Amino acid sequence: MTSNIAESLNDVTKNARELPIVELLEYMRNLLERWTNEKLLKAKSTFTYLGFKFNKELDDNRTLSYKLRVRASKDYIHTVLDGVMHYIVCLENKRCSCGQFQLEELPCPHVLAALRYRDESFEQYRSPYYTRDNLLRTYEIQVNPLPDESKWNVPQHITEEVVNPPSGGKR
């Protein structure tokens with residue numbers, strides 16, 4: 001997952017890498033500002049309990065869950081059958097043997113099947129971070145522009161410091 005994020009960021013910034021440092025920082029600030037505004041607009045245009053992306057994922061998981069069969073083992077432990085595969089769901093510990101539930105903190109199809117079997121709602125089994133309200137709070141933080149470089153108050157010992165580019169050799 002980290003590799004994909006790094007690759008995506010590298011791809012978006014590849015043309016800016018040759019810019020002088022101040023211009024590179026401004027480029028990155030503009031990029032962050034644009035992404036934040038896009039996410040905020042998307043969150044504002046969502047009128048579901050969860051953010052758009054998470055609501056869609058939950059709906060997709062719910063659709064998949066209808067194909068599954070459930071056997072209750074004990075109060076909060078269930079075996080969920082998907083053809084020849086079976087998964088163990090522990091609602092009390094918020095765990096599923098598929099691992100998706102613990103990783104994403106959003107009910108996977110197996111958990112949703114177990115919840116439907118128990119006639120329970122998913123709300124207490126999802127991360128609060130996915131709610132529309134929390135998404136709005138996340139993206140309402142303003143990304144402030146830098147003032148013109150001529151207005152910066154840089155201490156003299158910093159302006160006198162010489163920073164050489166990397167040598168390019170292997171260490």
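These figures come from a predicted structure and were not determined experimentally.
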Exercise for review: Would you confirm whether Thr131, through its side chain, and Asn134, through its main-chain N or O, come within 3.5 Å as a donor-acceptor pair?
Suggested key: yes
Revision key, fill the gap. The reported gap from CE in Met28 to CG in Leu19 (rounded to nearest 0.5 angstrom) is 11.0 Å
Exercise for review: Using a cut-off of 6.0 Å, state whether more than 12 heavy atoms not belonging to Arg29 lie near its atom CZ.
Suggested key: yes
Point to revise | Min side-chain heavy-atom separation Thr79-Val70 under 4.5 Å | key: no
Review point. Linking I/L/V/M/F/W/Y whenever any side-chain heavy atoms sit under 4.5 Å apart, do Val12 and Ile21 land together?
Key: yes
Point to revise | Separation of Cys108 SG from Gln102 CD (nearest 0.5 Å) | key: 7.5 Å
Review point. Does the side chain of Leu135 come within less than 4.5 Å of Phe54's, by heavy atoms?
Key: yes
Practice item. Check the hydrophobic clustering (I, L, V, M, F, W, Y; side-chain heavy atoms under 4.5 Å; chains of links allowed) and say if Trp152 and Ile158 are grouped together. Key: yes
Check your understanding: Mind checking whether Tyr66 and Met85 sit in one hydrophobic cluster, side chains of I, L, V, M, F, W, Y counted as touching below 4.5 Å?
Key -> no
Review point. Does Leu58 offer a backbone N or O that forms a donor-acceptor pair with the side chain of Arg126 under 3.5 Å?
Key: no
Exercise for review: Under the side chain to side chain donor-acceptor pair (under 3.5 Å) rule, what do Glu120 and Tyr125 come out as? Steps first, then yes or no, please.
Suggested key: CA-CA 10 Å; Glu120 279 189 50; Tyr125 297 97; 3.2 Å; yes
**Study point:** Atom of Ser97, atom of Tyr87 and distance for their closest heavy-atom approach
**Key:** OG-CA, 3.3 Å
Point to revise | Check against side-chain contact (heavy atoms from CB on, under 4.5 Å), Tyr117 and Arg71 | key: CA-CA 9 Å; Tyr117 179 85; Arg71 284 194 323 238; over 6 Å; no
Practice item. To the nearest 0.5 angstrom, please state how far the CG atom of Leu25 sits from the CG atom of Asn30. Key: 11.0 Å
Revision key, fill the gap. One should read off an interatomic distance between Cys98 SG and Leu103 CG, to the nearest 0.5 angstrom, of 9.5 Å
Practice item. In sequence, state the C-alpha distance, the side-chain angles, and the governing distance for Glu57 and Lys53, and then conclude on salt bridge (charged side-chain N to carboxylate O under 4.0 Å, His left out). Key: CA-CA 6 Å; Glu57 185 174 342; Lys53 174 184 173 184; over 6 Å; no
Practice item. Locate the shortest heavy-atom distance separating Gln124 from Lys94; write the atom from each residue and the value. Key: O-NZ, 2.9 Å
Check your understanding: Would you call Arg137 and Asp133 a salt bridge, taking side-chain N to carboxylate O under 4.0 Å as the test?
Key -> no
Check your understanding: Are any non-hydrogen side-chain atoms of Lys44 and Tyr139 less than 4.5 angstrom apart?
Key -> no
Point to revise | Tyr76 six-ring face occupied by Arg95 cation (under 6.0 Å, within 45°) | key: no
Check your understanding: Can you check whether Gln100 reaches Asn61 side chain to side chain, under 4.5 Å on heavy atoms?
Key -> yes
Point to revise | Gap separating the CG atom of Leu64 from the NE2 atom of His110, nearest 0.5 angstrom | key: 8.5 Å
**Study point:** Arg34/Glu38 ion pair, N-O < 4.0 Å
**Key:** yes
Practice item. Have a look at Phe122 and tell me which of Leu112, Val111, Leu106 forms a side chain to side chain contact (heavy atoms under 4.5 Å, CB included) with it. Key: Leu112
Review point. Rounded to the nearest 0.5 Å, how far does NZ of Lys42 lie from CG of Leu40?
Key: 13.0 Å
Point to revise | Asp59 bridged to Arg62 by N-O distance under 4.0 Å | key: yes
Exercise for review: Decide yes or no for Leu81 and Leu68: does some side-chain heavy atom of the first lie under 4.5 Å from some side-chain heavy atom of the second?
Suggested key: no
Review point. What are the two closest heavy atoms between Leu91 and His78, and how far apart are they?
Key: CD1-CE1, 4.1 Å
